[in-house]
Structures are given as structure tokens and as C-alpha cells.
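Everything on this sheet refers to the single structure shown next.
Sequence positions, counted from 1, serve as the residue numbers for this chain.
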Amino acid sequence: QVQLVESGGGLVQAGGSLRLSCAASGRTFSSYAMAWFRQAPEKERELVVAINRSGSSTYYADSVKGRFTISRDNAKNTVYLQMNSVVPEDTAVYYCAAKLLSTRWTPNLAAIRYDYWGQGTQVTVSS
């Protein structure tokens with residue numbers, strides 16, 4: 001029901017910064033919990049960051065705490081991933097994901113079964 005399109009990926013040197021954007025279609029963006037996943041070669045897909053419907057609650061994987069920031073602008077139907085102090089281990093395809101929630105109450109963002117996905121955007125960090 002919602003279409004997600006990521007942008008902002010590319011090449012960046014270790015220690016640098018990058019901002020990914022995920023633009024969502026539809027008129028109910030504010031009803032979706034949003035997340036960023038990533039998948040590196042020969043590794044399983046992992047949840048990186050997530051944010052609740054209003055943006056008041058977030059989740060961060062331990063590997064990115066203090067370096068990455070997720071935010072959303074419901075007026076623009078967009079979620080962002082600000083990546084600072086990147087390291088080569090951040091190299092992966094990053095996917096935007098969404099889950100429609102019918103309540104204002106925020107469940108465990110890491111336990112949500114996100115079921116809408118973008119096409120992914122490649123992030124490559126050089127050492």
C-alpha cells in the first residue's frame with residue numbers, strides 16, 4: 001500500500017558522513033513505523049535503526065549507536081538516516097522498510113515485522 005524509494009547512497013571515506021532519504025507514497029505515512037535495514041555481502045540482513053509513527057521513539061543497533069541518527073518528516077513523507085563517523089563495516093545495501101500500525105501506542109520497534117520495502121541503496125565506505 002505504500003511505496004518506498006531510497007536515495008543518497010554512494011561512496012564515502014571512513015570518518016565521513018552520508019545522509020540517506022526514503023520517500024514514501026500515500027497519505028498515511030504518519031501511521032507507519034519506519035526502519036532502515038542493511039545487508040552486507042555474505043551477511044544476513046540486519047535492523048540498523050527504527051522510528052515510531054510520531055518520531056518520539058527510536059531504536060538503534062549497538063553497532064551504530066552514537067554515529068547514526070534516524071529522523072522523519074511526516075509533512076514530507078520522508079524518513080532519513082544520518083550516518084556520521086562511518087567505518088568500512090558500514091558498507092552494505094541499505095533498505096528502507098515500513099510497517100503500518102493502527103494505534104498510537106509504540107510496540108518494540110526491533111520486534112516489528114516490517115513488510116514494505118524499498119529497492120535499496122548502496123553505501124560503500126572506503127578505508
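Note: the hydrophobic cluster containing Y80 does not contain V12 (ILVMFWY, side chain heavy atoms under 4.5 Å, direct or indirect links). Residues I112 and Y116 do not share a hydrophobic cluster, clusters being chains of Ile/Leu/Val/Met/Phe/Trp/Tyr side chains in contact below 4.5 Å.
Of all non-hydrogen atoms in A98 and V2, the two that sit nearest each other are CB-CG1, 4.4 Å. Here the closest non-hydrogen pair linking A33 and L109 is CB-CD2, 4.3 Å. Considering every non-hydrogen atom in both S71 and V79, the closest pair reads O-CG2, 3.1 Å. Taking all atoms of both residues into account, the shortest heavy-atom contact from S21 to W36 is O-CH2, 3.7 Å. Heavy-atom minimum distance, C22 versus L4: SG-CB, 3.9 Å. Among all heavy-atom pairs drawn from A14 and S127, the shortest one is CB-CA, 4.3 Å.
V87 is not listed as a side-chain neighbour of V125, based on a closest heavy-atom distance of 4.5 Å or more. By the 4.5 Å heavy-atom criterion applied to side chains, E89 and S63 are not counted as neighbours. For the pair L11 and Q122, the minimum side-chain heavy-atom distance is 4.5 Å or more. The shortest distance between side-chain heavy atoms of S30 and R53 does not fall below 4.5 Å.
Although no hydrogens or angles enter the test, the distance criterion places no donor-acceptor pair under 3.5 Å between the side chain of S57 and the main chain of N52. Remark: the backbone N or O of C96 is paired with a side-chain donor or acceptor of E6 at under 3.5 angstrom. Formation of a donor-acceptor pair under 3.5 Å by the T78 side chain with backbone atoms of K76 is found in this model. A donor-acceptor pair is defined here as one N or O able to donate and one able to accept, closer than 3.5 Å; no such pair exists between the side chain of N77 and the backbone of F29.
With values rounded to the nearest 0.5 angstrom, M34 atom CE is found 11.5 Å from L81 atom CG. Rounded to the nearest 0.5 Å, atoms OG1 (T106) and CG (L101) are 7.5 Å apart.
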(message) Applying side-chain contact (heavy atoms from CB on, under 4.5 Å) to M83 and L20, what does each step give before you reach the verdict?
(response) CA-CA 8 Å; M83 306 168 61; L20 307 184; 4.0 Å; yes

(message) If you apply the rule side-chain contact (heavy atoms from CB on, under 4.5 Å), what do you find for R72 with I70, and how did you get there?
(response) CA-CA 7 Å; R72 67 190 297 162; I70 188 172; over 6 Å; no

(request) Please report the C-alpha distance between D90 and F68 in whole Å, then the side-chain angles of each, then the deciding distance to 0.1 Å, and finally whether the side-chain contact (heavy atoms from CB on, under 4.5 Å) criterion is met. (result) CA-CA 11 Å; D90 294 324; F68 290 8; 3.7 Å; yes

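Under the ring-ring contact (aromatic ring centres under 6.0 Å, His included) test applied with F37, the options Y95, Y94, W117 reduce to a single match, W117. If you run side-chain contact (heavy atoms from CB on, under 4.5 Å) between R38 and each of V49, V123, L47, V64, only V64 comes through.
The side chain to side chain contact (heavy atoms under 4.5 Å, CB included) search around Q82 returns S17, R19, T69, N84, not counting sequence neighbours.
In E46, the CD atom is crowded: over 12 heavy atoms of neighbouring residues, nucleotides or ligands sit closer than 6.0 Å. More than 12 heavy atoms of other residues, nucleotides or ligands shown are found within 6.0 angstrom of CD on Q119.
Hydrophobic clustering, defined by side-chain heavy atoms of Ile, Leu, Val, Met, Phe, Trp and Tyr closer than 4.5 Å, leaves V5 isolated from every other such residue.
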